[in-house]
Amino acid sequence: MRETTFTPPESGTKLTMVDGRIVPTDEPIIPYIVGDGIGADITPVMLFVVDAAVARVYAGKRKIHWWQLPAGQVAADEFGKSLPTETVEAIKEYRVAIKGPLTTPVGKGIRSLNVELRQSLDLYACVRPVRWYPGVPSPVKRAEDLDIVIFRENMEDLYMGIEFEAQSEGAHKVIDLVNELRVGHPPISGDLSIGLKPFSKYGTERIARGAIDYAIAKGLPSITIVHKGNIMKYTEGAFRQWAYDFYKREYRDAVVTEKEMKAGASAEGKIIVKDQITDAMFHELLLHPEEHSIIVTSNLNGDYLSDAAAAQVGGLGFAPGANFAEDKAIFEATHGTAPSLAGKNKANPGSIILSACMMLDYIGWPEAAEAIQKAISSTVLNGKVTFDLAMSLPEATELGTSEFGDAIVENLE
Ligand code: NAI
């Protein structure tokens, strides 16, 4: 069992960045948070698989120096705080971290630790690649047709949490102001609860930039801007317009819009930029998934779409995720703490292991990421799975969390 500490490991080096890119190094120090609930089951398996893949692929020339940081219940018990300032500062300084799920206690005035982490580190982009792994049971006929990356704006929208309870002083004041400003409209009723949905051009442009830089780096064919601008014109509609304007202004030579194509422009060598209303995008995911490669969208849309897309390829067990700032990133399992499975060696570690693959890619070690992805595919194709998949695969052998990790390592090439 590794130690939880605020002191970095003695060996290894801090990751640095030049021109927005991580400078590859052979022995980086990478902080991690085990997480609550099943975190203690899945995170050690992720460390084991990553260490084995790195050792195998780079023949011992590269190594991660892991640093376990306190957060969640462990930190609350030991330091009286679920998210100690030192933990946040360490991630800021070391730039790249990986985490298991954290419990959000239910109750008034308690913020989600995940939201707190995102806000304090300005992690404005939530990135979720969604693709199917052969052998994983899926509810659709052609799960392989869906292969997208969702870029979800992470800081704005209803998630800013600016809300006023019905009948509160704040709600009454906002209602009075709205009635004063919306001349010519019937007044809104005084007993409403109010939530605000702020959007900015700045916030839209930076998520739009993240999406296109990724499309260029990976050679992907299109970006779909997803919005509900037909109804919410100055928030969702503005998101759509700001994103189009930004692409045409800053990436003119790299893009062609669908509208320009209809007017005869060629798409040769260009990234096609198009848009979809959110509800239509849910149809598209099911009916024409192959026509989309990157989705860029606002916070609430992205939340819904990410989970719907993950379900289509077999659920959250193999859905990785990461949150990016300009100069730092946290990679994380996309599911929660699954309290009923905690400590039972049953949970599927796939999500956090694939998130680690995103991390390896980000630090410039794509060969190790690829080796792990291939080994996961072979393991599942050999019918070795955790209970969540075994339920729909009668022929499969059900493995525990750590045995599934062992099987992945055995299949590393
Ligand atoms: P959950 O994701 O923990 O569980 C939903 C369902 O999926 C449950 O049936 C669970 O058993 C199953 N499940 C989840 N992960 C699994 C895995 N790796 N293998 C097999 N089955 C798995 O969501 P829930 O119940 O809504 O939340 C529980 C706690 O987790 C809450 O405190 C919530 O705030 C927190 N949470 C934390 C997240 C994070 O840290 N990023 C994300 C989502 C929830």
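All ligand and atom numbering here is 1-based and tracks the order in the structure.
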(request) Using the ring of Tyr159 (Phe, Tyr or Trp, six-membered ring only), decide whether Arg152 places NZ or CZ under 6.0 Å from its centre and within 45 degrees of its axis. (result)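 Here Arg152 passes the 6.0 Å and 45° test against Tyr159.
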How far is [atom] from its nearest protein heavy atom, and which residue and atom is that?
atom: atom 28 (C) of ligand 1; result: Thr337 OG1, 3.6 Å
atom: atom 12 (C) of ligand 1; result: Ala338 CB, 4.4 Å
atom: atom 44 (C) of ligand 1; result: Gly336 CA, 3.3 Å
atom: atom 22 (C) of ligand 1; result: Leu341 CD1, 3.9 Å
atom: atom 42 (C) of ligand 1; result: His335 O, 3.6 Å
atom: atom 18 (N) of ligand 1; result: Asn348 O, 2.9 Å
atom: atom 25 (O) of ligand 1; result: Pro339 CD, 4.8 Å

(message) If the test is ring pair (Phe, Tyr, Trp, His ring centres under 6.0 Å), which one of Tyr94, Tyr32, Phe6 qualifies with Trp67?
(response)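 The residue from Tyr94, Tyr32, Phe6 that satisfies ring pair (Phe, Tyr, Trp, His ring centres under 6.0 Å) with Trp67 turns out to be Tyr94.
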Please could you name the atoms of ligand 1 that [X] approaches to less than 4.0 Å, counting only its heavy atoms?
X: Lys99; result: 40 (O), 41 (N)
X: Glu332; result: 41 (N)
X: Thr103; result: 32 (O)
X: Thr104; result: 32 (O), 34 (O)
X: Leu102; result: 35 (C), 36 (N), 37 (C), 39 (C), 40 (O)

Counting only heavy atoms, which portion of [X] has something under 4.0 Å from ligand 1: side chain, backbone, both, or neither?
X: Ile38; result: side chain
X: Asn114; result: side chain
X: Leu113; result: neither

(request) Search all heavy atoms of His292 against all heavy atoms of Ile148 and return the closest pair with its distance. (result) O-CG2, 3.2 Å
(request) Identify the two heavy atoms, one from Lys384 and one from Leu399, that lie closest to each other, and give their separation to 0.1 Å. (result)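 Minimum heavy-atom contact is CB-CD1, 3.7 Å.
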(request) Quick one: which residue pairs count as a side chain to side chain donor-acceptor pair (under 3.5 Å) with a foot in residues 357-370, not counting sequence neighbours? (result) Tyr58-Glu367, Lys218-Asp361
(message) Measuring only between side-chain heavy atoms, which start at C-beta, is Asn348 closer than 4.5 Å to Phe404?
(response)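 Yes, close enough: below the 4.5 Å cut-off.
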(request) Indicate yes or no: at least one non-hydrogen side-chain atom of Glu89 is less than 4.5 angstrom from one of Glu86. (result) no
Distance below 4.0 Å between [atom] and any protein heavy atom?
atom: atom 9 (O) of ligand 1; answer: no
atom: atom 40 (O) of ligand 1; answer: yes
atom: atom 30 (O) of ligand 1; answer: yes
atom: atom 5 (C) of ligand 1; answer: no

(message) I want to know whether Phe282 and Tyr304 have ring centres closer than 6.0 Å.
(response) no
(request) Verify whether the ring centers belonging to Tyr244 and Phe239 lie closer than 6.0 Å. (result)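 Centroid separation for Tyr244 and Phe239: 6.0 Å or greater.
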(request) For residues 129-138, pull every pair meeting salt bridge (charged side-chain N to carboxylate O under 4.0 Å, His left out), keeping only residues two or more places apart or in separate chains. (result) none
(request) Run through Lys92, Lys328, Arg206 and flag the one making a side chain to side chain donor-acceptor pair (under 3.5 Å) with Asp122. (result) Arg206
(message) Which residue is it: Thr386, Asn345, Thr397? I am looking for the one with a side chain to side chain donor-acceptor pair (under 3.5 Å) to Glu403.
(response)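 The passing option is Asn345.
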